[in-house]
Amino acid sequence: MIAAPAPASLAKFPRLGQWLDLGADGRVQAYTGKVDIGQGISHALRLIVAEELHAAPEQVHMVTPGTALSPDEGVTSGSLSIQHSGASLRLAAAHLREACRARFAVQAGVDIEAVALDGGVFRAAGARATYADLVDAEMLAADIDAGCLAGRGGRPSAFGDLRRSDIESKVLASSSSSTISCSRAWSSVQYSVRGHCRPKSTRPRGSRWPRSCARRAASSKSFATAC
Amino acid sequence: VGDHRQDLWREGRLNTVATDVCFTLNGRDTSVRVDPGQTLLDVLRNTLGLSSTRLGCGLGQCGACTVMLGESAVTSCDTPIEAVAGQSVTTLEGLGTRAAPHPLQTAFVEEQALQCGFCTSGLLMRAAALLKRDPHPSDADIRAALEANLCRCGVHERVLRAVKKAAA
């Protein structure tokens with residue numbers, strides 16, 4: 001057991017079912033308030049949940065955030081998505097894992113310590129069960145117990161170098177749902193500059209946008225200074 | 001007609017006469033009707049629907065809109081469309097395909113050399129122009145060439161590794 005301050009998101013949304021439940025396809029569904037705006041946060045959160053569940057990442061479905069379904073975690077920006085949503089989902093997944101382990105131990109008539117878990121499958125005394133077999137509404141109605149989280153004991157992440165699935169379509173310029181929605185957004189932005197000979201018309205009228213600004217930006221994040 | 005358009009009219013910059021511009025786009029002869037003053041970027045994205053080329057700063061300073069004109073990298077946001085008449089333009093759509101990716105595209109996937117990917121098409125086209133000119137650039141050459149492209153996510157090291165891998 002490791003002691004860590006409870007994430008703010010968890011204080012606002014303390015119930016297990018507000019973060020995790022079962023999909024119709026038997027996969028564990030994870031809810032987050034952090035939107036994947038192309039930065040890959042859904043990939044990172046999926047790995048965090050799968051790691052805690054001792055399951056394959058394909059067995060976790062990240063639900064696209066929606067007002068009715070997802071915890072309200074405020075804005076999506078920067079590395080706070082991992083701190084807020086990642087920490088909350090990790091605690092939720094640890095709780096789900098241990099609740100399922102305890103339920104399976106009772107069903108199989110063995111001690112909790114005798115239950116093995118690998119690839120999302122609980123095994124003991126010749127019996128086996130998946131998360132889909134064990135999770136129910138009563139389990140999901142509980143408040144998340146942060147004490148379920150076990151330390152990794154120095155073990156590195158199981159999926160740390162797993163490739164993102166969306167990178168290929170960005171590098172190969174082939175269409176996917178995310179690139180289509182991006183291009184729509186940008187087309188509407190560009191509409192205002194269409195037909196003008198200089199894109200300076202993208203600035204609000206009367207405002208100044210000195211070239212030195214872009215020069216400063218260049219010097220702060222450049223390939224010459226990357227190390 | 002908004003205020004801004006009226007300003008342009010007073011300045012004599014609003015011309016309603018459309019013309020045809022012919023050029024080679026990703027290996028195919030292309031003819032497109034354009035308004036005077038349209039940029040290459042505007043035509044690529046909004047007229048021709050090729051959305052891999054991105055509008056970043058709009059001032060030719062961030063490199064997100066980089067394409068190849070002939071074998072050189074240019075920023076398409078400040079390239080007048082008339083300037084490409086009779087020339088060959090290559091965008092990311094023409095660099096490689098899923099079946100036959102350019103070595104740079106393979107390397108970018110292998111190195112996972114992007115986070116959000118907004119600057120990626122510009123980086124790929126700038127690097128492709130570099131490799132045309134110099135198939136085996138030094139580390140310093142790669143850094144110098146990519147200096148014209150900004151990345152806010154901070155994947156610079158991965159990008160440098162990917163370009164080096166593609167050049168190997």
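Numbered from 1 within each chain, the chains take letters A, B, ... in sequence-line order. Scope of the values below: all heavy atoms of this structure, side chains included, with no hydrogens, waters or symmetry mates.
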Min side-chain heavy-atom separation B:Asp78-B:Leu59 under 4.5 Å: no
Heavy-atom side-chain contact between B:Pro137 and B:Leu131 under 4.5 Å: yes
Close approach to chain A in residues 99-108 of chain B, criterion heavy atom under 4.5 Å: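 Checking residues 99-108 of chain B against chain A gives B:Pro101, B:Gln105, B:Phe108.
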Salt bridge check, [Y] against [X]: does any charged N sit closer than 4.0 Å to a carboxylate O?
X	Y	answer
B:Asp139	B:Lys164	yes
A:Glu73	A:Lys12	no
A:Glu168	B:Arg98	yes

Please flag which part of [X] lies under 4.5 Å from any non-hydrogen atom of chain A: side chain, backbone, both or neither.
X	answer
B:Leu50	neither
B:Thr120	side chain
B:Leu124	side chain

Distance flag, aromatic centroids of A:Tyr31 and A:Phe13, threshold under 6.0 Å: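 Between A:Phe13 and A:Tyr31, the centre distance exceeds or equals 6.0 Å.
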Pairs flagged by salt bridge (charged side-chain N to carboxylate O under 4.0 Å, His left out) wherever residues 101-120 of chain B is involved - sequence neighbours left out: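 As it turns out, the salt bridge (charged side-chain N to carboxylate O under 4.0 Å, His left out) pairs with a partner in residues 101-120 of chain B, which skip direct neighbours, are B:Glu110-B:Lys165, B:Glu111-B:Arg161, B:Glu111-B:Lys165.
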